[in-house]
There are 2 protein chains.
Amino acid sequence: MSLRHALLAVLTAEPMTGYNLIRYFDGTVAYMWQAPHSQIYPELRRMEQDELVEVEVVPRGKRAEKRVYSLTGKGLAELRAWLEEPTLYPPERDPSRVRAAHFEFSSYAAARAQLRAHRAHYAAALATWEGMVDDLEARRVPLLDSRLRQRPRAEHEAIVEFKRFAFRGESAKARAEIDWAEEGLALLDRLEGEGVPFWGEG
Amino acid sequence: MSLRHALLAVLTAEPMTGYNLIRYFDGTVAYMWQAPHSQIYPELRRMEQDELVEVEVVPRGKRAEKRVYSLTGKGLAELRAWLEEPTLYPPERDPSRVRAAHFEFSSYAAARAQLRAHRAHYAAALATWEGMVDDLEARRVPLLDSRLRQRPRAEHEAIVEFKRFAFRGESAKARAEIDWAEEGLALLDRLEGEGVPFWGEG
DNA sequence: GTAGTCATGTAAGAGGTTACATGATTAG
DNA sequence: CTAATCATGTAACCTCTTACATGACTAC
């Protein structure tokens, strides 16, 4: 139940509505754990029932209302307990790798297109993630300030460093995928140069 | 629906029972796409209904029977079509990264334990995947021979190379994760050396 | 008034996990 | 005879995706 813990982690920064939580989530945590609003709103309701968060219903304009969620003591305890639990590694499930393993049923053109798309996908991701690292250094990340304000100054370095560290992990993975795609393109060039046929050409 | 296509890919090697398919799957494709037998048996039934595979019910001993699946023309066409489709990249969902981003709610000891476990997890995976690359080179992989026998000799190199390439991708990812964990451990050492406190110590 | 943003849901269905369940065959 | 392996399922439950749905507020 990592979604729940990701939401708890966001709420440590400050109380907020589901809508704001989702906006912030999409700008940060979603690079490590994605979730649509259709999953988040119901989850917040369940977390409320489990007393991990509290709600304040606040009027908005004349007729409307909004629900402002804040972390409870139990919620923080749950987050801390989760951080100490041994991580369960989700099963590998990578469609681009399955495809690559069976390129012989495809064609040089299609295989190249797959690898170029792979490279483009991770290049875009890399740019985003490196941008996030820059934003963290420059303290341009929404909610980072309110997060820091809650903790003594001595802890600030660690807080920022851990976030940078997480994004560097994503960046490293993206770089590995880009290199892999390049390697695959070189392999295709070599095989085609040697005149090696396969299904698509046979 | 990548599971379906992963199963079709395995069945290109030779006709086999669900049981054998699962054994082979677990030894190879599962490193890129995992699935339990409770998902595979029903999927094979659905693939049969969709005429992607054919079944021969074969007696086994005196009383028992087994169902031997083989790929149909439609099944091979479906596999080939899938290989040309643009890959849909599954959303990022990495619990170890989410944890790392919030280590400040944990303690030095717990954060170190997480990163050591991360390193151990990917070191084990790396050993497995590098072993797979060796086995492919030495042609020790079950079904590889029957797969090759079906295709002209000129294609063999490409077939083996694509499988090696896929596993090298997994290996590269594992190496990136190991490096990341090392980097994190070094970061923890530095912060602790500088006397930086956080939640667990506050 | 109207477009963009704020705000919060529901619901059907696909995909995946975990546990339960059974029984035949074969090698020793 | 007994353990390992061969063989095939079902079912409950959870998670996630996709689509549908609504309406208030705010700046122009």
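Just so we're on the same page: letters track the sequence lines, and every chain starts at 1.
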J.: For the side chain of Glu104(B) and the backbone of Trp199(B), is there at least one donor-acceptor N/O pair under 3.5 Å apart?
T.: no
J.: Between Lys62(B) (NZ) and dT25(C) (C1'), how many Å, whole number?
T.: 10 Å
J.: With a 4.0 Å cut-off on N to O distance, would you call Arg4(B) and Glu78(B) a salt bridge?
T.: no
J.: Who pairs with His118(B) by ring-ring contact (aromatic ring centres under 6.0 Å, His included), at least two apart in sequence or on another chain?
T.: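 Result, ring-ring contact (aromatic ring centres under 6.0 Å, His included) vs His118(B): Tyr89(A), Tyr122(B), Trp180(B).
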J.: Below 4.5 Å, heavy atoms only, C-beta onward: do Lys163(A) and Arg147(A) meet side chain to side chain?
T.: yes
J.: Under 4.0 Å from any atom of DNA chain D, heavy atoms only: list the residues of residues 15-36 of chain A that qualify, in numerical order.
T.: Trp33(A), Pro36(A)
J.: Below 4.0 angstrom, N of the basic side chain to O of the carboxylate: do Asp189(B) and Arg112(B) qualify?
T.: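 Salt bridge between Asp189(B) and Arg112(B), a charged N being under 4.0 Å from a carboxylate O: yes.
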J.: Sub-3.5 Å donor-acceptor pair from the side chain of Arg99(A) to the main-chain atoms of Trp82(B), do we have one?
T.: yes
J.: Keeping the roles fixed (side chain from Thr128(B), backbone from Ala124(B)), state whether a donor-acceptor pair exists under 3.5 Å.
T.: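 Side chain of Thr128(B) to backbone of Ala124(B): a pair is present.
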J.: Could you tell me whether a side-chain N or O of Arg175(B) sits under 3.5 Å from a main-chain N or O of Leu126(B), the two making a donor and an acceptor?
T.: no
J.: Any side-chain to backbone donor/acceptor pair from Gln114(A) onto Glu85(B)? Under 3.5 Å, distance only.
T.: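 Yes; judged by distance alone, with no hydrogens or angles, the pair exists.
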J.: Using a 4.0 Å cut-off to any heavy atom of chain B, which nucleotides of DNA chain D are the first and last in contact, reading 5' to 3'?
T.: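 Listed 5' to 3', the contact boundaries are dT5(D) to dT17(D).
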J.: Got a donor-acceptor contact below 3.5 angstrom from the Arg151(A) side chain to the His156(A) backbone?
T.: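 Flag not set: sc Arg151(A) to bb His156(A) has no pair under 3.5 Å.
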J.: Answer yes or no: is there a side-chain heavy-atom contact under 4.5 Å between Leu148(A) and Leu144(A)?
T.: yes
J.: Contact list please: residues 91-100 of chain B against DNA chain D, heavy atoms, distance less than 4.0 Å, in numerical order.
T.: Pro91(B), Arg93(B)
J.: Salt bridge or not between Glu194(B) and Arg190(B)? Use side-chain N to carboxylate O under 4.0 Å.
T.: yes
J.: Would Arg97(A) pass as a cation-pi partner of Trp33(B), given that its NZ or CZ must be under 6.0 Å from the six-membered ring centre and within 45 degrees of the axis?
T.: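 Judged by the rule, Arg97(A) and Trp33(B) form no cation-pi pair.
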J.: Can you check whether Leu52(A)'s main-chain N or O pairs, donor with acceptor, with Thr72(A)'s side chain at less than 3.5 Å?
T.: yes
J.: Round to the nearest Å and state the distance from Arg63(A) atom CZ to dC6(C) atom C1'.
T.: 15 Å
J.: Counting only non-hydrogen atoms, which of residues 37-57 of chain B are less than 4.0 Å from DNA chain C?
T.: Ser38(B), Gln39(B)
J.: For DNA chain C, determine which residues of residues 3-12 of chain B have any heavy atom closer than 4.0 angstrom to one of its atoms, and list them numerically.
T.: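 Hits under 4.0 Å, by residue number: none.
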J.: Is the shortest heavy-atom distance from the side chain of Lys173(B) to the side chain of Glu177(A) under 4.5 Å?
T.: yes
